[in-house]
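Here is the structure we will look at, set down as C-alpha cells.
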There are 2 protein chains.
Amino acid sequence: MHDVARLAQVSVSTVSYVLTGTRPISQATRDKVLAAMAELDYQPNAMARGLASRRSRILGLLMPMDERGLGATETAFVTGAAAAASVAGYHLVLSPIGGGGDLDDLRRLATQRMLDGVVLMEVQLADERVTVLQEAGVPLVLIGRTGDADALSYVDIDFEQTVREAVEHLVGLGHRHIVYVNHSAATLASGYGPALRTRDAFVAAMTDYGLDPVMIPAEDSAAGGRAALAAAFARTPELSAVLAMNETAIFGILGELTGRGLSVPDDVSVVSLVTSPQVAELATPALTAMTSPGSALGRIAIEALVRHLDGPGNERHQQLLPCALEIRGSTAQRRPAISEPPRRGD
Amino acid sequence: MHDVARLAQVSVSTVSYVLTGTRPISQATRDKVLAAMAELDYQPNAMARGLASRRSRILGLLMPMDERGLGATETAFVTGAAAAASVAGYHLVLSPIGGGGDLDDLRRLATQRMLDGVVLMEVQLADERVTVLQEAGVPLVLIGRTGDADALSYVDIDFEQTVREAVEHLVGLGHRHIVYVNHSAATLASGYGPALRTRDAFVAAMTDYGLDPVMIPAEDSAAGGRAALAAAFARTPELSAVLAMNETAIFGILGELTGRGLSVPDDVSVVSLVTSPQVAELATPALTAMTSPGSALGRIAIEALVRHLDGPGNERHQQLLPCALEIRGSTAQRRPAISEPPRRGD
DNA sequence: GTGAAAGCGCTAACAC
DNA sequence: GTGTTAGCGCTTTCAC
C-alpha cells in the first residue's frame, strides 16, 4: 500500500480512502491510485483491514451437516446466500458446525471476531447456537424459527400456507381420505419446527374441510416410508392421497404403493412437501410437489443481515415465504372405488 | 491481553507465548496466565493474531455447489475434513465458489491471505482453480486429480481398483453381458476425471475377462437413466448386469427395468459405483454398491495440508483409496435364459 | 479535497 | 525462563 501511494504520488491514507470509499476523492487522484494498484498488482491484506476496521467482511452460514447429505433445497439456500453476499461486498463462508459437540468451536469462531454476522440454517425450536451467538454479540439471522423468535430476525417457509395449498389441491381433485406422512416421532419430539408446524397446519386445513386429519410419522429412510404407508392403510383403508414431507421416506412410500399393486396417481395421489424439483423428478412418476423457495430464502437472509450490519443496526427482519405448487405426475382426480355409489356433485 | 498480563503479573509476551506455545513457559506462570484469562473471560482476536503471525489458521474447502445438491458422499468428505482440521487446531470453512464466473472471487480470497491453505473438491482434469491458487501461492491439496497432478498433492478414489472389484463381483455371479452406465457424454467431453478413469478401467477389466466392454453415457436425471437402459438393451439384448456411476440416473435405470417387467436382481443385477449407503438404501431393492471412502478422503486431505503448513513445507502427498464393495439386494447369480442351453462349467 | 500519524491486538525477534 | 519492543498492513481520527 505504501508502494501504491508512492507510485501514485499520494499519501497512504488516500489510497485507503479510495479502497474503502469512506470519503470523497477527486476523480483524478482516484484514477491515479487505481492505475498504481493495477500496475503493482496490489491486493489489500484482509487481516490488516479486519484488524484496523474491526470488521472482517466475512459472513458465516452455519449449516449442520448430517450424514444424509444436503438436498437440492439446502444447496439452493447456499447459492442464493453466496450470490447475495458477493453483491453486498462480503464473502460467505460455510461452517459445518452443528448442534453437536462442536458448540465450543462455534463459540470460539464467534467470539474471536472473525465473522461479522451469521446466518443459521436448520434452526431448532430451542437452539443453543442462538444463545452462544447472542452472548458473543454476533448479529444473526435465522433460516427457520426458534420457539420464541419474536426478538430475532428470521426468514422461514410459510408452512401454514404451504400445507393449506397442498391440501386444497388434493381436495380439489376429490380426495377426502388424505394421510400426512411427517418426519419421525423422534424428530417431532426433538422440537423440529417444520415437522411441528406442518402437523398443526395439516390438522387445521383438514378440519376446515371437515375431513379427518390423519398424521403418521416416518423414519427418514425408505423402510420408514414403507412402514408409514402400511400404518396409514391400517388406520385409513379408504386412503386415496398421501401428503409427505420426508424426502427419503417418500421413496419407500412409492415403493410400498407399487408393491401393493396400487398405481400412482390412478389409485393414490402423492404430494411431496418442501421438495426440490430435482428430487421430484427422481421418482417415477415425477412427484407433484410444493417446491421450496430455496435460493430466495438464502438471498433474503443475507440481505437482512447486511442491512443490519451496514445500517443503523437495530432492524429486525421477519418474513415467511410459501412453497410453490408444481403439479407433476403423482396426483390425479380421485377414482371412486367400484363398490362406492356415485355421490351427488361428483 | 494487556489486562491479562497485568492480572497475571507477567508481560504481554508471556501471555502470547502461553497462547501459541512457541516457547517453554514454566508451569507456575502458565497457570497464573491461564487463570487470568479465565477470570477475564479473555478471547484472543483472530484478526490481530493473523496479522502479526501471517497465518490465519483457517483452511478452505472449495466445494462447487451445483443445483443437484450434495450427496452423502460429499457430505462425508466435509465432515471428515472438518474433524481433522479441528484436531489440528485449524478452522475449516467451506466456500461454495465453483468453476463458474466466480473465479475472481476465488483469486481475491486466495490473494488476500485469508486462508492458510485449501482443499479442492470436484477437481476437473483441467482445473483453472489450481492455476489461480498456485499463482497466489496458496498451499493446496486436491480431492481428485487434474490431468497432470504429478507435482501436486492429492487424494483420490482408486477408480481402477474399484471398477475391477465391481466387475469381478458380477463376473463371479456368472454375468457376461455387463453394461456400464456412465455420466453424460457432455461430462465425459468436459474432462471429468472419474468418468474417464472408470471408463478406462471398465474397458480394461472386461477385456481381461475376455468380455465385451459396452459403455453407455447417461444424462444426470431419471429420464437419462431410462434412455441409457433402453440404449443398453438395443446394443446388448442379452444384458444381464448393469454397472452404473450416476446417482441420479440409477433411479431411472431401476424404473425402466421394472417397467420392462424385469426383476432386479433376478433378471438383471445392478451395481452402483461410488455410492453412499444412504442412497443405496433409497432404492428398492437396496443397491449393491461400491461405497466411497468419503470421510477418510476428507481427513487425509486435511492432514496432508496441515503437514505441509506446519512441516518443512515441501512434502507432496499422493494417495488413492478404493471404494468398498457392499453387497445388498440388487445383485444375484445370473439366471440363464430359457432358450439358452446350459454351458459346460455352469 | 488531501496528508500525517496514532493505533487496531497481537507475534516474534532481540534482549537478559 | 521472562521482559521489551518493533512491527504486521491497514483504517481513521485530527489537522490543513
Side-chain angles (χ1 to χ4, degrees), chain A residues 1-34 36-37 40-58 89 91 108-116 136-137 309-310, chain B residues 1-34 36-37 40-58 89 91 108-116 136-137 309-310:
Chain A
M1 182 152 156
H2 232 89
D3 302 347
V4 172
R6 183 161 36 223
L7 211 176
Q9 311 198 54
V10 295
S11 71
V12 289
S13 61
T14 302
V15 176
S16 171
Y17 285 119
V18 341
L19 233 36
T20 60
T22 33
R23 95 176 172 193
I25 299 281
S26 76
Q27 194 56 50
T29 45
R30 158 176 281 111
D31 288 346
K32 272 196 307 187
V33 173
L34 259 20
M37 297 209 289
L40 297 178
D41 206 15
Y42 166 77
Q43 286 293 137
N45 178 306
M47 292 283 162
R49 301 189 77 169
L51 178 57
S53 65
R54 256 149 300 206
R55 323 167 88 272
S56 63
R57 300 206 74 83
I58 297 179
H91 281 296
R108 219 170 308 134
L109 243 189
T111 209
Q112 291 185 155
R113 323 266 69 175
M114 190 92 248
L115 265 25
D116 285 352
L309 294 173
D310 293 349
Chain B
M1 180 151 156
H2 232 87
D3 302 346
V4 173
R6 181 159 39 222
L7 211 177
Q9 312 198 52
V10 296
S11 72
V12 288
S13 63
T14 302
V15 176
S16 170
Y17 285 120
V18 342
L19 232 38
T20 60
T22 35
R23 92 177 174 192
I25 300 280
S26 76
Q27 194 56 47
T29 45
R30 157 174 285 112
D31 288 345
K32 272 196 306 187
V33 172
L34 258 21
M37 298 211 287
L40 297 178
D41 205 15
Y42 166 78
Q43 286 292 134
N45 178 305
M47 292 284 162
R49 301 188 76 169
L51 178 56
S53 65
R54 256 150 300 213
R55 327 169 82 270
S56 64
R57 299 206 73 83
I58 297 179
H91 281 295
R108 218 170 311 133
L109 243 188
T111 209
Q112 290 186 159
R113 321 265 71 169
M114 190 93 246
L115 264 25
D116 285 352
L309 294 174
D310 293 348

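Order of the sequence lines fixes the chain letters, A, B, ..., with proteins taken first and strands second; residue numbering starts at 1 for each chain. Keep in mind it's a predicted model, so treat the numbers as computed, not measured.
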All side-chain contact (heavy atoms from CB on, under 4.5 Å) counterparts of R55(A), not counting sequence neighbours: S53(A), R57(A), Y90(A), D116(A), L309(A), D310(A)
Please check if the side chain of T29(A) supplies one atom and the backbone of S26(A) the other of a donor-acceptor pair under 3.5 Å. yes
Evaluate the side chain to side chain donor-acceptor pair (under 3.5 Å) criterion for residues S11(B) and T14(B): first the C-alpha distance (whole Å), next the side-chain angles of each, then the deciding distance (0.1 Å), finally the verdict. CA-CA 5 Å; S11(B) 72; T14(B) 302; 3.2 Å; yes
Please work out which residues in residues 10-24 of chain B have a non-hydrogen atom less than 4.0 Å from an atom of DNA chain C and list them by number. S13(B), S16(B), Y17(B), T20(B), R23(B)
Heavy atoms, side chains only, cut-off 4.5 Å: are L109(A) and H91(B) in contact? yes
Atom CG of D31(A) and atom P of dG1(C) are separated, to the nearest Å, by 14 Å
Taken in chain and number order and not counting sequence neighbours, the residues that satisfy side-chain hydrogen bond (donor to acceptor under 3.5 Å, both in side chains) with R23(B) are none
Would a 4.5 Å heavy-atom cut-off, applied to side chains only, mark M1(A) and R6(A) as touching? no
Looking only at heavy atoms, what is the nearest atom pair of S56(A) and M47(B), with distance? CB-CE, 3.1 Å
More than 12 heavy atoms of other groups within 6.0 Å of Q9(B) CD: no
Atom CD of Q9(A) and atom P of dA4(C) are separated, to the nearest Å, by 13 Å
Check: M37(B) and V33(B) side chains under 4.5 Å, non-hydrogen atoms: yes
Which ones in residues 108-115 of chain A lie close to DNA chain C, meaning a heavy atom under 4.0 Å from one of its atoms? none
Using 0.5 Å steps for rounding, measure from the CD1 atom of I58(A) to the CZ atom of R113(A). 13.0 Å
As a check of understanding: the bend across the helix from dG1(C)-dC16(D) to dC16(C)-dG1(D), end axes from five pairs, rounded to 10 degrees, works out to 30°
L51(B) CG to dC8(C) C1', straight-line distance once rounded to whole Å: 9 Å
d(CZ, R30(A); C1', dT2(C)) in whole Å: 13 Å
OG1 on T111(A) to OH on Y42(B), rounded to 0.5 Å: 11.0 Å
Determine: side-chain N/O of S53(B) to OP1/OP2 of dC10(C), distance under 4.0 Å, yes or no. no
For A28(B) and for A52(A), find the nucleotide of DNA chain D with the closest heavy atom, then tell me which residue's nucleotide is more 5'. A28(B)
Distance, rounded to the nearest Å, where R55(B) contributes CZ and dA12(C) contributes C1': 13 Å
Would you kindly give the CG-to-P distance between N45(B) and dG7(C), to the nearest whole Å? 18 Å
Exactly one candidate in V4(A), T20(A), L34(A), D3(A) meets side-chain contact (heavy atoms from CB on, under 4.5 Å) with V15(A); the answer is V4(A)
Between Q112(B) and P44(A), which heavy-atom pair has the shortest distance, and what is it? CG-O, 3.5 Å
Please determine if a side-chain N or O atom of R54(A) lies less than 4.0 Å away from the OP1 or OP2 oxygen of dC8(C). no
Contact boundaries on DNA chain D for chain A, cut-off under 4.0 Å to non-hydrogen atoms: dG9(D) to dC14(D)
Between CG of N45(B) and CG of L51(A), what distance do you get to the nearest 0.5 Å? 6.0 Å
dG9(C) P sits how many Å from M47(B) CE, rounded? 13 Å
Contact class for Q43(A) vs. all strands (heavy atom < 4.0 Å): base, sugar-phosphate, or nothing? sugar-phosphate
